Amino acid sequence: MAKSATQAAEADASAAKTPKQKSSWLWFLTLLLAGAFVASGLVGHEPWTAGEARSLAAVQSIIDGGDYLVPQVDGTPVLDTPPLYYMTGAGLAQALGDYLPAEQAARVASGVFLGLTLLFTALVGRAAWRHADDSVMPAAGAAAVLVLISSLGVVWYGHDMLPETGLIAGMAMGLYGMALWPRRVFWGGLWLGTGAGIAFMAHGLFGPLVLGISALVLPFLGIARFGRYLRGIIVAVIFALPWLLIWPLLLQQRGDDLYQTWLSANTLGRYIAGIDLSNPSAQLQWLWLFLTMAFPAWLLAVLTLVLRPGAIFGFPGFRAALVVTVLGWGLLVLSDALSPVAALGLLVPLAVIGAGGVQRLPRWLVWPAHWLSALVFGVAAAALWVAWVWLLYLGEPPPVDGLGSYLPMDQGFQWQPVAYVTAAVLTVIWLWVVLRFRPSRPAALLAWPVGMVMVWSLLALHQPWIDAAIAEGKLAKSVPEQLVPEPAPAAMPAAPAPQDAGADTTATAL
């Protein structure tokens with residue numbers, strides 16, 4: 001035991017001596033991957049789900065009528081969530097109107113929130129893995145970003161036109177404030193309050209509830225002395241109040257019936273009353289959703305707890321991320337009033353926790369992880385490139401058995417130079433990473449995040465084909481029907497899905 005503790009201390013000391021030049025390439029690679037991930041597949045396609053169609057209709061109502069306070073869908077007020085996402089989409093549609101069609105410019109809102117999420121994830125990673133002597137674990141912020149963009153939930157939902165993209169950005173800001181709190185009271189309180197406010201204006205009470213309860217727990221975990229803690233709470237409340245009060249007050253002035261409709265669906269009691277432990281099958285569905293949406297962040301987080309148990313005592317920011325993770329996922333699993341997409345807001349703390357264990361992974365784990373990544377993403381990339389070349393030269397999809405069940409077989413080739421260059425560059429980078437960084441070096445784990453972004457860019461290269469499949473109802477994003485909450489009183493009927501009526505109904509619940 002003493003020997004392993006000594007080895008761990010030596011590993012930390014060795015990492016702390018790493019020259020800045022050696023980690024600068026990792027930051028450059030992370031910035032490149034983050035930019036490519038945010039931009040790929042963001043614009044240039046029709047809504048993929050009923051949730052996206054509904055968001056687009058709400059944004060269009062603001063553009064047409066100029067009413068930022070109460071967006072509408074088919075003349076019915078949208079009150080199930082505050083309108084931050086729709087307001088942002090409408091503002092971007094007007095600002096970018098000379099460069100993009102309004103319906104495409106509105107989609108940039110998801111890119112803005114996703115970019116903010118990645119930025120604050122990097123900041124949280126640096127702040128959370130800061131030693132007591134104020135030294136930062138090398139590349140902790142970059143590692144947190146790479147873990148986040150590797151997570152299946154962010155890849156699956158991160159580009160969608162959904163208010164939850166604002167929720168994840170607000171949660172990342174709030175968590176950064178908690179991690180900053182022990183060293184900088186004012187800035188910690190500012191980002192905690194601002195993050196809670198943005199999470200509220202994007203999705204409602206879930207984000208502020210998790211961040212608020214976590215903030216109340218922090219003084220019992222030694223995050224900060226009571227005086228600093230109290231000052232930080234005051235600062236956080238001051239910066240959160242404008243976000244929490246202005247829109248509800250304006251809504252009440254618009255009409256008490258609108259305010260009461262919104263309030264009835266956004267009370268603390270709705271979350272607590274929805275807690276039900278009598279349905280084990282639903283809990284198992286949530287477990288499966290957690291294992292898939294949060295992979296591989298949850299696996300790295302568990303390994304971090306095993307490999308670095310002392311981090312709970314030595315890193316206040318780590319404790320804050322752990323508290324937010326436990327409270328947030330606990331509320332999601334126990335309450336049936338929340339949609340699975342709300343889990344996006346809890347992937348950031350998992351990624352931050354997992355970032356601390358990357359450098360400690362044993363060789364016997366790095367080897368299979370590297371070669372599994374090389375195999376999975378290599379096969380996927382080869383298949384997507386072959387399909388693209390086949391379309392290019394023959395003008396029709398490759399004759400693969402069963403392919404017609406998922407994709408239309410009358411699709412022709414469409415030249416997209418930007419998507420092609422991006423996919424080609426990322427493929428070369430992935431090949432370089434696989435060949436350059438071999439096990440048992442921890443850098444060999446880069447094959448997974450780089451491969452994930454590469455495959456996402458290759459899917460964007462086939463975007464017209466995927467759009468046609470979604471329009472025909474052959475592809476749809478679905479979740480277990482048991483996990484879709486009953487519509488709240490303020491929830492409006494969803495706009496018609498951009499697919500045939502015969503598509504899976506659970507796919508339209510998002």
Side-chain angles (χ1 to χ4, degrees), residues 41-42 47-56 58 78 80-86 88-89 107 109-111 113-114 116-117 148-149 151-172 198-210 265-266 270-271 274 282 285-295 297-298 325 328-351 470 476-488 490-492 494-495 497-498 504-510:
L42 183 62
W48 283 343
T49 66
E52 283 201 312
R54 182 170 180 267
S55 296
L56 185 59
V78 177
D80 50 337
T81 62
L84 177 63
Y85 183 88
Y86 312 127
T88 305
R107 301 187 65 89
S110 296
F113 286 122
L114 183 57
L116 286 173
T117 298
L148 184 63
I149 62 178
S151 301
L152 300 181
V154 173
V155 175
W156 191 245
Y157 292 113
H159 295 80
D160 286 6
M161 289 187 68
L162 296 173
E164 284 79 7
T165 59
L167 169 66
I168 189 173
M171 294 290 285
I198 289 177
F200 168 76
M201 282 297 295
H203 190 262
L205 285 180
F206 174 67
L209 184 63
V210 174
N266 289 271
R270 179 167 179 256
Y271 295 102
Q285 293 278 12
W286 269 111
L287 176 61
W288 174 247
L289 188 78
F290 169 76
L291 295 177
T292 52
M293 280 189 66
F295 182 84
W298 71 262
T325 298
W329 281 102
L331 183 60
L332 274 174
V333 171
L334 296 178
S335 178
D336 62 1
L338 290 163
S339 168
V341 192
L344 281 178
L346 300 173
L347 297 183
V348 172
L350 274 176
I470 292 175
K477 294 183 178 182
S478 61
V479 296
E481 189 174 359
Q482 298 92 325
L483 301 185
V484 179
E486 292 294 329
M492 300 297 111
D504 186 0
T505 56
T506 58
T508 67
L510 300 181

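As the structure is a computational prediction, the values presented were derived from the model and not from experiment.
Using a 4.5 Å heavy-atom threshold, the side chains of Phe113 and Thr88 count as touching. Proximity of Leu346 to Phe206: side-chain heavy atoms (C-beta onward) are separated by under 4.5 Å at one or more points. Contact of the Leu84 side chain with the Ile198 side chain is registered, since non-hydrogen atoms from C-beta on lie closer than 4.5 Å. Residues Met201 and Pro83 form a side-chain contact, since some pair of their non-hydrogen atoms from C-beta on lies under 4.5 Å apart.
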How far apart are the C-alpha atoms of His159 and Leu42, what are their side-chain angles, what is the distance that settles it, and do they pass the side chain to side chain contact (heavy atoms under 4.5 Å, CB included) test? CA-CA 6 Å; His159 295 80; Leu42 183 62; 4.2 Å; yes
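Residues satisfying the side chain to side chain contact (heavy atoms under 4.5 Å, CB included) criterion with Thr81, sequence neighbours excluded, are Tyr86, Pro163. Among residues two or more places apart in sequence or in another chain, the side-chain hydrogen bond (donor to acceptor under 3.5 Å, both in side chains) test is passed with Ser110 by Tyr85. Ala343 pairs by the side chain to side chain contact (heavy atoms under 4.5 Å, CB included) definition with Met293, Trp329, Leu332, not counting sequence neighbours.
Here Arg107 does not pair with Asp160 in a salt bridge; the nearest charged N to carboxylate O distance is not below 4.0 Å.
Once rounded to the nearest 0.5 Å, the distance linking NE2 of His203 with CG of Asp80 reads 8.5 Å. From Leu344, atom CG reaches atom CG of Leu162 across 8.5 Å, with rounding to the nearest 0.5 Å. Within the model, atoms CG of Leu350 and CH2 of Trp298 stand 10.5 Å from one another, a figure rounded to the nearest 0.5 Å. The line from CE of Met171 to CD of Glu164 is 12.5 Å long, rounded to the nearest 0.5 Å.
Side chain of Glu52 to backbone of Met161: a donor-acceptor contact under 3.5 angstrom is found. The backbone N or O of Val154 lies less than 3.5 Å from no partner atom in the side chain of Ser151, so there is not a single donor-acceptor pair.
Checking Leu347, Thr165, Leu148 one by one against Thr117, the side-chain contact (heavy atoms from CB on, under 4.5 Å) holds for a single residue, Leu148.
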